[in-house]
Each structure stands twice: as C-alpha cells, then as structure tokens.
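As the structure is a computational prediction, the values presented were derived from the model and not from experiment.
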Amino acid sequence: MTSWSTSLITLAAVAIGAILSFLSTRLTDRGRWQREENLRWDAKRLDAYSEFASALLKFSNIAFRITAGLGFQVVAHPLDAEAGLPALADAGSELNVQWQRILLLGSPDAIMAAKDWQDEVFHLEYFARRLRNDPAEFAQAALDRREARKRFYSAARADLMITSGDLPTDIHTPGRWRMLTEPDPQTPALEL
C-alpha cells in the first residue's frame, strides 16, 4: 500500500470515529435532556396535584365546619354560616384556579379522579348552603367524599409513578384516644 492510501484510510477512520463520537454524545445529551425534562414536568404535576388537594381540602373543611354549625354530626369546630359562606366562596375561587392546573397537567385518570372528588365535596357544599338537609344523605356524602379522595390520591400517585405501594386502608380510623373521648359512642361523628 502506498502512503497516500494509508493516509486516506487513516483519515477515513478518524472521520468515522469522530462521527460516531458525535452521534454518541448527541444521543447521550438528548437522553439526559429528556430525563431532566420529564423530572421537571413530574415536579409540576406533583405541585398541581398537591395544591389542588390542599385547595379542595380547605373548601371541604369550611363546608364541614358550616354543616357542624347547622347540627350535622361531624368532627369539626362549628362555623356560623354567615361567616362561613364568604370563606367558602373564597376557597371556591382558589379551588377553580387549582382545577385549571389539574386540567393542564394531570393524566386522564387523575383528572377524572379529581373531578369525582370535587363533585363529592360539592355535594357536601349543598348541605352547608342549606340546599340539602337529610342527615343520612349527609353521612353517605361524607363517606363518598372520603372514597373519592382516596381514588384521587391513588391516581395521582400512579401518574407520578410512586411505587411504594397503595395508601393504607385504615388512615381514616380515629386514634384510640379519640374513641375514648367521643360524646356518644352510639353516634360517632364523621371524620373529615
């Protein structure tokens, strides 16, 4: 072989090596960028889910406090409807903002679970606004709200790929000390 052909082969090998190195680096950088992008969106979804849950719990707690003031059996400090209804409206405004974030960032399953939880809380709002008044319906609505909340958290955890397992089933069981202080064990008050 001539020196010219050896040089050409060496130059071709260097060029191929450079191209392969460039492609390898490009793919590595793209993979890293994609992982960072996924982490960023996961963080935004986590924020959206937690802020929605916080806003809905605030709304729910105000509704429960108003219903406690109306005589429904619920563990909450009673709140007079005159003071509570404006607070409920303010909490509803914040809830609407957080709902929009869920619609933008949530998975379809999490969106539907959030909608169901919100609907169950709105059912309780009707009692706070004196649009419903049946104690048995209220008790069922409170239980339905709790189950809808559990479904939302499960859907949000699945969307965020949290693999530590399902939520424990007994997280809403009152502590032993609370069972000792219930006013009437025959009619325990509903947990929030």
Side-chain angles (χ1 to χ4, degrees), residues 46 48-81 83-99 101-103 106-160 162 164-192:
L46 173 62
Y49 291 151
S50 62
E51 290 173 17
F52 170 78
S54 180
L56 191 53
L57 286 171
K58 180 178 180 181
F59 186 88
S60 177
N61 288 341
I62 294 169
F64 269 119
R65 290 187 62 204
I66 294 170
T67 58
L70 296 173
F72 288 94
Q73 290 292 312
V74 61
V75 176
H77 293 289
L79 180 62
D80 179 70
L85 290 176
L88 192 64
D90 289 343
S93 294
E94 175 60 23
L95 179 58
N96 287 333
V97 169
Q98 299 309 326
W99 172 243
R101 292 185 70 211
I102 292 293
L103 291 175
S107 71
D109 288 342
I111 290 170
M112 288 310 297
K115 178 198 174 300
D116 291 345
W117 183 20
Q118 190 170 240
D119 285 346
E120 295 302 338
V121 170
F122 289 163
H123 189 185
L124 294 173
E125 176 193 16
Y126 274 52
F127 289 91
R129 294 188 183 281
R130 297 182 181 165
L131 300 172
R132 312 291 300 169
N133 62 8
D134 178 30
E137 180 186 353
F138 176 78
Q140 185 61 52
L143 292 173
D144 292 344
R145 180 211 48 101
R146 182 182 294 167
E147 287 302 312
R149 178 176 64 179
K150 182 179 173 186
R151 287 189 302 275
F152 169 74
Y153 282 121
S154 292
R157 289 167 58 90
D159 184 33
L160 295 169
I162 297 173
S164 61
D166 293 332
L167 293 173
T169 57
D170 62 349
I171 60 173
H172 299 296
T173 304
R176 185 180 54 77
W177 66 270
R178 287 190 63 191
M179 297 304 280
L180 300 174
T181 58
E182 283 291 324
D184 179 7
Q186 299 299 320
T187 57
L190 296 171
E191 288 290 314
L192 297 177

Asp159 side chain near Asp109 side chain, heavy-atom distance below 4.5 Å: no
Aromatic ring proximity Phe64/Phe72, centre distance under 6.0 Å: no
Asp134 to Phe127 - nearest heavy-atom pair and separation: O-CE2, 3.5 Å
Contact summary for Ala110 and Phe152, nearest pair of heavy atoms: O-CD1, 3.9 Å
Heavy-atom donor-acceptor pair, Ser54 side chain to Ser50 backbone, under 3.5 Å: no
Atom of Ala68, atom of Ala76 and distance for their closest heavy-atom approach: CB-O, 3.8 Å
Criterion side chain to side chain contact (heavy atoms under 4.5 Å, CB included) on Leu57 and Arg149, from CA distance to verdict: CA-CA 9 Å; Leu57 286 171; Arg149 178 176 64 179; 3.6 Å; yes
Basic-acidic side-chain contact under 4.0 Å: Glu137, Arg132: yes
Approximate separation, where rounding is to 0.5 Å, of Tyr126 OH and Thr67 OG1: 16.0 Å
Spacing of Arg151 atom CZ and Arg146 atom CZ [to the nearest 0.5 Å]: 13.0 Å
Least distance between heavy atoms, Glu120 atom then Arg145 atom: CB-CA, 3.6 Å
CZ on Phe59 to CG on Leu124, rounded to 0.5 Å: 9.5 Å
Spacing of CD1 belonging to Ile66 relative to CZ belonging to Arg129, to within rounding of 0.5 Å: 7.5 Å
From NZ (Lys58) to CG (Leu88), nearest 0.5 Å: 10.5 Å
Shortest non-hydrogen contact from Tyr49 toward Gly106: OH-CA, 3.3 Å
Rounded distance [0.5 Å steps], NE2 in His123 versus CD in Gln140: 9.0 Å
Which atom of Ala63 lies closest to which atom of Ala128, heavy atoms considered: O-CB, 3.8 Å
Worked verdict on Phe138 versus Leu70 for side chain to side chain contact (heavy atoms under 4.5 Å, CB included): CA-CA 12 Å; Phe138 176 78; Leu70 296 173; over 6 Å; no
Check: Leu56 main-chain N/O paired with Ser60 side-chain donor or acceptor under 3.5 Å: no
Geometric class of the Phe52/Trp117 ring pair [parallel <30°, tilted 30-60°, perpendicular >60°]: perpendicular
Stepwise side chain to side chain contact (heavy atoms under 4.5 Å, CB included) check, Gln118 with Lys115: CA-CA 5 Å; Gln118 190 170 240; Lys115 178 198 174 300; 5.5 Å; no
Whether over 12 other heavy atoms sit under 6.0 Å from Asn133 CG: no
